[in-house]
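Proteins come first, then strands; the chains are lettered A, B, ... in the order of their sequence lines, and each starts at number 1. Everything numeric here is computed off the predicted structure, so don't read it as measured data. Values below: every heavy atom of this structure, side chains too, minus hydrogens, waters and symmetry copies.
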Protein chains: 2
Amino acid sequence: MRRRKPNKDLSDLLAADIRAGVYSPGSWLKQIDLQRRYDASRSEIRKSLETLFTKRIIRYEPNRGYYVHREDGAATDEIRDIRIMLETSAAEVMVEKVQQDQINGLYTLAQRFVDQIRSDKIMEIYETNIAFHTALLATSGNASLVDLISELRLRTPPAPASQWSSYARIEKSGQEHFAMVDALADKDAARLKAVIRAHIAQSDN
Amino acid sequence: MRRRKPNKDLSDLLAADIRAGVYSPGSWLKQIDLQRRYDASRSEIRKSLETLFTKRIIRYEPNRGYYVHREDGAATDEIRDIRIMLETSAAEVMVEKVQQDQINGLYTLAQRFVDQIRSDKIMEIYETNIAFHTALLATSGNASLVDLISELRLRTPPAPASQWSSYARIEKSGQEHFAMVDALADKDAARLKAVIRAHIAQSDN
DNA sequence: GTGCTCAATATTGGCACCAATTCAGCAAAT
DNA sequence: ATTTGCTGAATTGGTGCCAATATTGAGCAC
């Protein structure tokens with residue numbers, strides 16, 4: 001039985017486990033099992049399941065329970081298109097509002113990402129990637145946007161870092177990160193948009 | 001005590017009541033009161049409250065409960081900007097994918113809206129407005145996008161139809177609806193974007 | 001009157017149990 | 001062999017109760 005850190009929200013933990021593939025797609029999330037696994041109360045479990053259902057990370061059928069979403073290609077594409085719309089639109093705001101210290105921070109994160117590629121700590125690479133994209137979006141000054149994209153990212157198929165397509169693709173991602181920061185520093189919205197679109201369309205990140 | 005239709009989801013009903021101003025901003029949503037008012041079980045209430053919290057329609061403090069969100073001007077502006085990003089981006093897809101029968105349907109809805117302006121059934125006008133915008137977005141072919149915007153609309157301050165700014169503004173909205181359909185029929189993405197941006201920026205809809 | 005302590009009160013959150021529902025397996029009938 | 005119907009098991013969802021927590025108000029010292 002895994003003990004859970006008191007501060008960490010249970011629904012986040014559950015979402016991370018789903019994303020990590022602990023529960024196979026289509027399998028039922030039985031409340032009793034979860035209760036034991038996370039050492040949580042029944043109400044906590046019910047609450048977390050309802051949260052994840054509202055966030056569309058899992059599905060629900062009355063009197064049957066919650067189960068892990070079977071990947072739906074069409075919906076995944078739609079979410080990806082939405083992210084492209086949002087992040088390319090945000091690019092215009094970003095070039096206007098970005099501050100020099102934010103650009104410096106982004107360079108740092110982009111560099112950390114490429115530095116980590118050689119190590120095979122996939123989870124760390126994944127997290128640095130997220131951190132980069134979050135910091136990039138934050139330069140738009142729209143906190144709600146940052147939150148929204150984070151949620152959308154979780155709706156995406158549960159098979160992220162664990163099976164990143166290829167080493168070459170990760171390298172390319174690293175380069176694209178730098179390309180984004182460069183375009184941002186040059187305040188070249190069109191170029192930034194183009195890079196972001198291509199980057200998300202690959203949909204590894 | 002209000003009885004609830006079995007088919008209607010309780011959280012939607014609650015959200016509608018919050019939006020309609022049944023609960024004043026900042027007031028606590030006491031579980032016992034809700035239980036009585038909606039003739040629901042305690043678990044149903046807890047579930048719905050958690051749903052609305054996840055959707056950011058209400059707030060929550062542990063051991064204190066859920067309460068109606070006090071309007072936050074900054075966040076409202078951010079959501080509005082996000083909607084502008086999404087709906088103007090979608091405009092490009094819309095002009096590509098729209099079908100003739102959808103254009104006809106949009107004209108019908110736009111006409112219904114202006115027809116209803118004279119009647120003072122504000123709730124119906126509000127619903128027609130929503131129906132129009134939903135149908136407009138649907139022409140993008142992205143169902144997830146339609147859902148997402150619906151959710152974003154609910155996050156917006158709880159004071160919508162009940163106090164629509166002015167009669168003149170509603171008339172203007174009606175005209176803008178037609179302008180949108182015209183631009184869409186002409187497949188003029190730039191014009192469509194401009195109208196949508198102006199329309200949402202007024203943020204009455 | 002002001003500030004402090006402490007008890008009374010109200011509300012949420014957790015728990016154990018029970019009812020309701022669904023499902024799998026199996027047997028009987030066609 | 002397929003269908004139908006039944007029964008038992010597993011699971012969710014509802015209920016009542018109680019503990020934990022927060023709020024309120026009264027009493028009291030100063």
Side-chain angles (χ1 to χ4, degrees), chain A residues 1-18 21-70 72 158, chain B residues 1-18 21-70 72 158:
Chain A
M1 180 190 320
R2 188 210 299 214
R3 295 273 157 179
R4 133 190 73 96
K5 297 176 194 166
N7 262 347
K8 182 76 176 168
D9 189 75
L10 177 60
S11 72
D12 290 338
L13 185 54
L14 230 182
D17 281 350
I18 290 171
V22 173
Y23 310 95
S24 56
S27 64
W28 292 99
L29 297 167
K30 293 178 210 161
Q31 297 181 4
I32 295 184
D33 294 347
L34 299 177
Q35 222 173 321
R36 279 199 277 263
R37 175 175 239 273
Y38 298 104
D39 188 34
S41 71
R42 188 68 162 263
S43 4
E44 265 184 305
I45 295 290
R46 285 181 187 172
K47 199 189 229 188
S48 295
L49 287 171
E50 181 58 27
T51 299
L52 297 187
F53 169 68
T54 305
K55 289 186 176 178
R56 307 188 193 231
I57 294 174
I58 58 179
R59 294 248 166 121
Y60 169 72
E61 287 178 24
N63 287 318
R64 300 251 283 139
Y66 301 83
Y67 61 97
V68 179
H69 186 194
R70 276 220 161 72
D72 177 345
Chain B
M1 180 191 318
R2 189 209 301 212
R3 296 272 156 178
R4 129 189 74 97
K5 297 176 193 166
N7 263 347
K8 181 78 177 169
D9 190 77
L10 177 59
S11 72
D12 291 337
L13 185 53
L14 230 182
D17 281 350
I18 290 171
V22 173
Y23 309 94
S24 56
S27 63
W28 293 99
L29 296 166
K30 293 178 209 158
Q31 297 181 3
I32 296 184
D33 293 347
L34 299 176
Q35 221 173 325
R36 280 199 275 263
R37 174 174 238 273
Y38 299 102
D39 188 35
S41 71
R42 188 69 161 260
S43 3
E44 261 185 307
I45 295 292
R46 285 182 187 174
K47 197 191 230 185
S48 294
L49 288 172
E50 181 59 27
T51 300
L52 297 187
F53 170 68
T54 306
K55 288 186 177 176
R56 306 184 194 236
I57 294 174
I58 59 179
R59 296 247 165 120
Y60 168 71
E61 287 178 24
N63 288 317
R64 299 251 284 142
Y66 300 82
Y67 61 97
V68 179
H69 185 192
R70 276 220 160 72
D72 178 344

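Residue B:Arg46 places a side-chain atom within donor-acceptor reach of the base of C:dG13, judged by atom type and a 3.5 Å distance cut-off alone.
In this structure, a donor-acceptor pair under 3.5 Å is present between the side chains of A:Thr51 and B:Glu50.
Rounded to a whole Å, the CD atom of B:Glu44 is 9 Å from the P atom of D:dT15. One interatomic measurement links the two molecules: CZ of B:Phe53 to P of C:dT12, which rounds to 15 Å at whole-angstrom precision. Residue A:Glu50 contributes atom CD, which lies 9 Å from atom P of D:dG13 at whole-angstrom precision. Atom pair A:Gln35:CD and D:dT11:C1' shows a separation of 12 Å (rounding to whole Å applied). As a whole-Å value, the separation of A:Ile45 CD1 from D:dG13 P is 13 Å. In this structure, A:Tyr67 places its OH atom 14 Å from P of D:dT12, rounding to the nearest Å.
When heavy atoms are screened at a 4.0 angstrom cut-off, A:Leu29 is found touching the sugar-phosphate backbone but no base atom.
One finds the CZ atom of A:Arg37 at 8.5 Å from the CG atom of A:Leu14 (value rounded to the nearest 0.5 Å).
With distances taken from any side-chain atom of A:Ser43 to the nucleotides D:dG13, C:dG14, D:dG14, the minimum falls on C:dG14. The side chain of B:Tyr66 has C:dG13 as its nearest neighbour among D:dT15, D:dT11, C:dG13. With C:dG14, D:dA22, C:dC23 as the choices, the nucleotide that has an atom nearest any side-chain atom of A:Arg64 turns out to be C:dC23. Each of C:dT22, D:dG14, D:dT21 was ranked by its minimum atom distance to the side chain of A:Asn63; first place goes to C:dT22. Closest to the side chain of B:Arg42, from the set C:dT12, D:dG13, C:dG14, is C:dT12.
At least one side-chain heavy atom of A:Leu49 sits under 4.5 Å from a side-chain heavy atom of A:Gln31. Within the 4.5 Å cutoff, side-chain heavy atoms of B:Ile45 are placed close to those of B:Leu10.
Summarising the geometry of A:Lys55 relative to A:Asp12, their closest heavy-atom pair is NZ-OD1, 4.4 Å, with the distance given to 0.1 Å.
Considering only side-chain N and O atoms, B:Gln31 lies under 4.0 angstrom from the phosphate OP1 or OP2 of C:dG13. OP1 or OP2 of C:dG13 has at least one side-chain nitrogen or oxygen of B:Tyr60 nearer than 4.0 Å.
If B:Lys30 and A:Glu61 are placed on DNA chain C by their nearest nucleotide, the residue sitting closer to the 5' end is B:Lys30. Heavy-atom distances to DNA chain D give each of B:Trp28 and B:Lys47 a nearest nucleotide, and the one nearer the 5′ end belongs to B:Lys47.
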